[in-house]
Amino acid sequence: MNIFRFAGDMTHLASVLVLLLKIHTIKSCAGVSLKTQELYAIVFATRYLDIFTDFISLYNTFMKLVFLGSSFSIVWYMRSHKIVRRSYDKDQDTFRHYFLIVPCLLLAMIINEKFTFREVLWTFSLFLEAVAILPQLVLLQRTRNIDNLTGQYIFLLGAYRAFYIFNWIYRYFTEPHYVHWIPWIAGLLQTLLYGDFFYYYFHSWKNNKKLQLPA
Amino acid sequence: ARSGVTKDEL
């Protein structure tokens with residue numbers, strides 16, 4: 001494992017923990033999109049179908065369990081916790097899941113390396129991860145209410161994506177036959193979706209101001 | 001070719 005891959009995994013982990021800790025300690029999920037969190041739970045559930053069948057390393061298995069556990073915990077908090085769920089911006093978080101899930105599933109059935117149940121769902125999880133942040137970005141635009149933690153959450157997710165791209169570039173030049181179009185294109189698209197948000201994030205950080213998105 | 005290579009990523 002190279003340093004970019006490890007940094008990517010750690011920022012990904014940090015993003016999820018920041019969100020979980022925020023919800024757990026301040027008992028509020030204001031500004032957090034449940035739609036995005038449910039999509040991430042689906043992403044991990046469909047990607048890690050191999051968790052008990054294909055052993056790669058203790059690190060991999062452990063991280064998979066952490067991502068599955070944390071994403072489902074966040075969804076549970078937002079839907080079922082008697083205090084947290086009251087702070088959920090239900091009326092603003094109106095993005096429909098199936099607008100993203102159905103096209104990703106269809107695309108995964110057309111574009112895949114092998115037409116099998118696991119391969120199609122694995123490809124589906126890559127496509128869905130690429131667009132899963134959209135309900136969150138829409139919610140931010142609507143409420144324009146971004147506390148520091150929500151901003152940091154999205155910033156860390158973006159950093160994770162950027163590190164993974166460096167990881168792929170590194171592996172492309174250091175490992176023979178390392179060419180994987182599907183995750184690369186899905187990953188590149190996902191990183192681009194953060195570009196706009198990053199612009200405003202850095203702008204507010206540079207001017208030492210609270211992050212505000214334009215209407 | 002992918003199995004064992006990309007699937008070692010998360």
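From a predicted model like this one, the values you see are computed outputs, not experimental measurements. Naming convention: chains lettered A, B, ... in sequence-line order (proteins, then strands); numbering from 1 in each chain.
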Side-chain heavy-atom pair B:Leu10, A:Lys64 within 4.5 angstrom cut-off: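 Yes, side chains in contact.
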Polar side-chain atom of A:Tyr164 near backbone of B:Glu9 as donor-acceptor pair, under 3.5 Å: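 Side chain of A:Tyr164 to backbone of B:Glu9: no pair is present.
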Can you confirm whether more than 12 heavy atoms, excluding those of [X], are under 6.0 Å from its [atom1] atom?
X	atom1	value
A:Arg79	CZ	no
A:Phe95	CZ	yes
A:Met109	CE	no
A:Tyr59	OH	yes
A:Phe166	CZ	no
A:Phe55	CZ	yes

Region of [X] that comes under 4.5 Å of a non-hydrogen atom in chain B:
X	value
A:Asp50	side chain
A:Phe67	side chain
A:Asp9	side chain

Residue selection (most heavy-atom pairs with chain B, distance under 4.5 Å) from A:Met63, A:Arg5, A:Lys114, A:His12: A:Arg5
Gap separating the NZ atom of B:Lys7 from the CD1 atom of A:Ile56, nearest 0.5 angstrom: 8.5 Å
